[in-house]
Visitor: 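The structure under discussion is supplied below as structure tokens; questions concerning it will follow.
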There are 2 protein chains.
Amino acid sequence: MIQAHAVRLFTDRGYEAVTVTEVAEAAGVSAMTVYRHFPTKEDLVLIDQPARLIAERVAASPATHPLVRRVGGALVEAATALTGGDGDEAAVNERFLLDCLRLMVSTPALRARHLDSQYALQQAIVDALGDDATTPDAAFRARAATSACLAAMHTALTRWAEEDGQTELPELIARALAASFGDVAATGRSD
Amino acid sequence: MIQAHAVRLFTDRGYEAVTVTEVAEAAGVSAMTVYRHFPTKEDLVLIDQPARLIAERVAASPATHPLVRRVGGALVEAATALTGGDGDEAAVNERFLLDCLRLMVSTPALRARHLDSQYALQQAIVDALGDDATTPDAAFRARAATSACLAAMHTALTRWAEEDGQTELPELIARALAASFGDVAATGRSD
DNA sequence: ACCCCACTGTTAGTGACTAACGTATGAGTG
DNA sequence: CACTCATACGTTAGTCACTAACAGTGGGGT
């Protein structure tokens with residue numbers, strides 16, 4: 001609820017032009033209460049990426065496939081699972097997600113934080129790759145491939161927000177991956 | 001000079017544990033003077049990426065090559081041109097650059113800002129790609145490929161700082177690109 | 001009726017950052 | 001040498017994000 005008021009105010013008047021106190025007043029609570037639920041002002045907009053979900057799909061992918069295909073496929077599958085919500089409340093959630101994304105893309109501070117949160121996601125994915133990260137050299141390759149996949153996904157997220165969710169998100173991610181790695185990594189299903 | 005004092009203090013006691021006032025005192029100036037030369041505390045550590053240099057090499061790359069090869073090649077060439085400094089002062093610069101990088105990797109706030117500055121670099125590179133970004137769809141593919149290349153380079157920079165500059169930076173970047181895109185994009189020279 | 005506990009509010013304080021204003025140093029010109 | 005002007009530096013006061021310590025309030029179980 002606090003978050004909804006915050007995103008609305010930020011969208012209307014700009015992120016930096018709105019103080020936390022104003023968000024608190026709009027939500028009918030004290031500023032301290034806001035900080036108790038959201039550690040920083042930025043967390044009012046940031047969306048927690050489903051690291052668990054993605055990591056599981058990475059771990060479940062066949063280890064024989066190239067790295068970018070394992071990670072890219074997991075990203076497409078996770079996006080499919082998330083945006084594939086049915087009808088009613090899912091649409092509201094998607095509107096809210098798009099609002100947050102637009103703020104993240106247009107506000108430097110939020111953009112920076114979001115990119116850094118992808119850095120944490122990268123760690124989780126590299127761990128999920130497991131056997132491919134034993135030697136320092138293999139870990140380096142795993143990190144490189146993973147960060148490249150996440151960068152492509154970020155581009156897809158940006159485009160998704162720009163065109164207001166017209167194209168399905170999994171398709172955009174697949175196209176971003178294809179543009180970066182060729183068609184080899186774009187095939188999400190791998191069974 | 002202010003920057004040198006700042007990086008030394010940050011490395012010794014941690015970025016957040018050092019106030020801007022302390023940096024100013026160590027440098028023998030006022031806090032206001034620090035802010036006049038560095039807009040934010042983070043700018044004391046951030047290194048300006050040579051966007052001009054990279055963009056020129058991207059623009060000069062043959063348009064027939066795949067996107068990731070054009071961008072990746074330009075990144076390797078730019079790194080070669082930069083770290084290829086000769087002997088005396090270049091070594092000091094490289095030590096300083098490594099200190100800054102270590103701080104950037106280990107401090108969340110700096111890491112976030114650095115990732116966002118790569119976002120600006122991405123814009124410059126996409127513009128330099130020129131003809132490949134006329135239609136919205138081509139621009140999307142260009143952004144995806146560019147961001148993936150930059151993410152791979154960031155992984156190489158991180159590794160470079162971790163192993164204290166043992167391996168040559170251009171080679172690390174080439175290996176990160178190869179791990180992501182296959183050997184097609186790793187060939188830096190293209191003449 | 002009692003206590004416990006999670007949630008909330010108040011106050012005071014730190015630190016990054018800005019704005020407005022006054023001061024000195026150093027180069028160029030008469 | 002005096003004058004001037006630009007550039008850099010310092011001081012003060014203020015805003016805002018964020019933290020710590022302490023106090024109040026409401027409902028749930030015994």
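All values below come from the heavy atoms of this structure, side chains included, with hydrogens, waters and symmetry mates left out. The shown structure was predicted, so the numbers you read here are calculated from the model rather than taken from an experiment. Letters A, B, ... mirror the listed sequences (proteins, then strands); counts begin at 1.
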Visitor: Rounded to whole angstroms, how far apart are OH on B/Y35 and C1' on D/dT12?
Guide: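 Value for this atom pair: 15 Å.
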Visitor: Round to the nearest Å and state the distance from A/F38 atom CZ to D/dT19 atom C1'.
Guide: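 Going from A/F38 (CZ) to D/dT19 (C1'), I get 18 Å.
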Visitor: Taking for each residue the nucleotide of DNA chain D with the nearest heavy atom, is it B/M32 or A/V20 whose nucleotide lies nearer the 5' end?
Guide: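 That would be B/M32.
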Visitor: Contact class for A/T40 (heavy atom, under 4.0 Å): base, sugar-phosphate, or nothing?
Guide: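 Since only primed, P, OP1 and OP2 atoms lie under 4.0 Å of A/T40, the category is sugar-phosphate.
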Visitor: Looking at every strand, decide which applies to A/T19 at a 4.0 Å heavy-atom threshold: base, sugar-phosphate, or nothing.
Guide: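 It contacts sugar-phosphate atoms only.
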Visitor: Could you tell me whether B/V18 contacts a base, only the sugar-phosphate backbone, or nothing, with contacts defined as non-hydrogen atoms closer than 4.0 Å?
Guide: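 It contacts sugar-phosphate atoms only.
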Visitor: Would a 4.5 Å heavy-atom cut-off, applied to side chains only, mark A/L46 and A/S117 as touching?
Guide: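 They are not in side-chain contact.
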Visitor: Taking any atom closer than 4.0 angstrom to a non-hydrogen atom of chain A, what span of DNA chain C does the protein reach, first nucleotide to last?
Guide: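 Using the under 4.0 Å cut-off, the span is C/dT8 to C/dT10.
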Visitor: How close or far is atom C1' of D/dC16 from atom CG of A/L44, stated in whole angstroms?
Guide: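 In whole Å, D/dC16 C1' lies 15 Å from A/L44 CG.
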Visitor: Any non-hydrogen side-chain atom of A/K41 less than 4.5 Å from a side-chain atom of A/F10?
Guide: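 With C-beta onward as the side chain, the pair touches.
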Visitor: CZ of B/R52: more than 12 outside heavy atoms within 6.0 angstrom?
Guide: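 No, CZ of B/R52 has 12 or fewer neighbouring heavy atoms, counting only those of other groups under 6.0 Å.
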Visitor: Tell me if the CD atom of A/E168 is crowded by more than 12 foreign heavy atoms within 6.0 Å.
Guide: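 12 or below, so no.
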Visitor: Do A/H114 and B/Y119 have ring centres separated by under 6.0 Å?
Guide: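 Aromatic pair excluded; centres sit 6.0 Å or further apart.
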Visitor: Mind running side-chain contact (heavy atoms from CB on, under 4.5 Å) on A/E16 and A/T107 for me, showing each step along the way?
Guide: CA-CA 9 Å; A/E16 276 111 13; A/T107 309; 3.8 Å; yes
Visitor: Expressed in angstrom and rounded to an integer, what is the separation of A/H37 atom NE2 from D/dC18 atom P?
Guide: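 About 16 Å, once rounded to whole Å.
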